[in-house]
There are 2 protein chains.
Amino acid sequence: MEVTPPRRRMGSPDSAVSNQLLDATERVMREEGYAAATSRRIAEEAGLKQQLVYYYFETMDDLLLAAFKRRTSRALERIDEEAASRQPIQTIWESWNSTVDAKLVFEFFALANHHDGVREEVNRFMAAARRKHAEAIARQVDEHGLDLGPFSPEALSFMLFSTALLLGREEAMGLTIGHTDVRKLFDWGIARIG
Amino acid sequence: MEVTPPRRRMGSPDSAVSNQLLDATERVMREEGYAAATSRRIAEEAGLKQQLVYYYFETMDDLLLAAFKRRTSRALERIDEEAASRQPIQTIWESWNSTVDAKLVFEFFALANHHDGVREEVNRFMAAARRKHAEAIARQVDEHGLDLGPFSPEALSFMLFSTALLLGREEAMGLTIGHTDVRKLFDWGIARIG
DNA sequence: GTCTATACACCGATAGAC
DNA sequence: GTCTATCGGTGTATAGAC
């Protein structure tokens, strides 16, 4: 009968300091990579003492997971708001392009390769986003008698995400070969569907 | 006048041991992430002493870069061979799907966020692959009077890579929503073009 | 070419005072 | 809630013997 193991005392997960630490974690991960997201480096970035990290988070793994969960819960709120859009496909495309922090996403995706908690949360978020987007697209297709051509709502949901993410990554890295053509292609296709 | 700084003596970059270390580096990065790619962990994985790493590579950054360069030089050879294919689009699609080690690619892409040498090498490789693929596609379009529809060769080159990479990543993570639809979509589109 | 030994920085995490 | 002090472990990298 697994009982909660003995723990040291801890602070509120929604406190101001806790959020400062999560902000600092995002900055460090974006600029220096997940390997640099240590308790010392994050505390320094937040202007706090290293040991405070362990007052607000059980372990470093917990802190990293909390940082990702804060992002996904905000993103899911946004997705729910946008689901009611009059032109969901256009809205989804613009939303991924403007909100996806590609460098950070690649750090979290790499982290997910070997961090069980983060992987589960990435999968949970990606599954929810894909389903919600596919439903919003399918609803609009029904209501307005649109023609998606060879795209299923799920396939379109996948393509909008994967394309925006890779375009964002390459732009952040200074590589843009074919990008104007791809953006024209998506603008054309989205306008064509309605 | 920058002179090569004084260095400790070093072994051949093409030796058997050197390649064992690069093999071990790939395994560690794939299974445990780039943060685990330390001299101790890699040497242990290769069954060698930690200090040997510094006989074959100047620094850990050099080792990581060498590991990535070995992959890209092999991949570019393959791309050159496949450029002569009778059906380059089909060949490129199948090649990305069968050769891209998605977990490892995400580790190197995340590493590229903050490792200058790796970023430059990633950009060099991606630019070369995109151009070579676009040229192969354009040549085939010319010779056989194909119709790419709204796709430019560069845009198609981009989409084949980004889609195969993200499909591969999600499959490796156990997430497959919409995948059969996306694969059907690409099979259909590629068959349609010719 | 590979070994032993080692310097020194940084890591996660805890104990207990204030 | 935040502090000082500290533990044991691991990191990169070097020196020099064999």
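Values reported hereafter were calculated over all heavy atoms of this structure, with side chains retained and with hydrogens, waters and symmetry mates removed. Naming: A, B, ... by sequence-line order, numbering from 1 per chain.
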Distance check: side-chain N/O of [X] vs OP1/OP2 of [N], anything under 4.0 Å?
X: A:Y54; N: C:dA13; answer: yes
X: A:R40; N: C:dC10; answer: no
X: B:Y56; N: C:dG1; answer: no

Give the nucleotide from the list [options] with an atom nearest to the side chain of [X].
X: A:V17; options: C:dT2, D:dT2, C:dC3; result: D:dT2
X: B:Q51; options: D:dT12, D:dT2, C:dT6; result: C:dT6
X: A:T38; options: D:dT2, C:dA13, C:dG12; result: C:dG12

| said: Using 30° and 60° as the class boundaries, would you call the ring planes of A:F158 and B:H179 parallel, tilted or perpendicular? | reply: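 Ring orientation, 0 to 90° scale: perpendicular.
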Give the rounded distance in Å between these two atoms: [atom1] of [X] and [atom2] of [N].
X: A:Q50; N: C:dT14; atom1: CD; atom2: P; value: 11 Å
X: A:L21; N: D:dG1; atom1: CG; atom2: C1'; value: 13 Å
X: A:M60; N: C:dC11; atom1: CE; atom2: P; value: 9 Å
X: A:M10; N: C:dT14; atom1: CE; atom2: P; value: 11 Å
X: B:D61; N: D:dA13; atom1: CG; atom2: P; value: 7 Å
X: A:I42; N: C:dC11; atom1: CD1; atom2: C1'; value: 12 Å
X: A:R41; N: C:dG12; atom1: CZ; atom2: P; value: 12 Å
X: A:L52; N: D:dT2; atom1: CG; atom2: C1'; value: 6 Å

Could you tell me whether B:R183 and B:E171 make a salt bridge, using a distance below 4.0 angstrom between a side-chain N and a carboxylate O?
->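 Between B:E171 and B:R183 there is a salt bridge, with a charged N closer than 4.0 Å to a carboxylate O.
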message = Any carboxylate oxygen within less than 4.0 angstrom of a Lys/Arg side-chain nitrogen, looking at B:R41 and B:E44?
response =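 B:E44 and B:R41: salt-bridged.
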### Query
Counting any heavy atom closer than 4.0 Å, what does A:T59 reach on the DNA or RNA strands: base, sugar-phosphate only, or nothing?
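Touches sugar-phosphate only.
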>> With no hydrogens and no angle check, just 3.5 Å: does a side-chain donor-acceptor pair link A:N19 and A:R70?
In response: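 Checked: A:N19/A:R70 side chains pair up, N/O donor to acceptor below 3.5 Å.
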Do A:Q50 and A:S39 have side-chain atoms, one donor and one acceptor, less than 3.5 Å apart?
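Short answer, yes.
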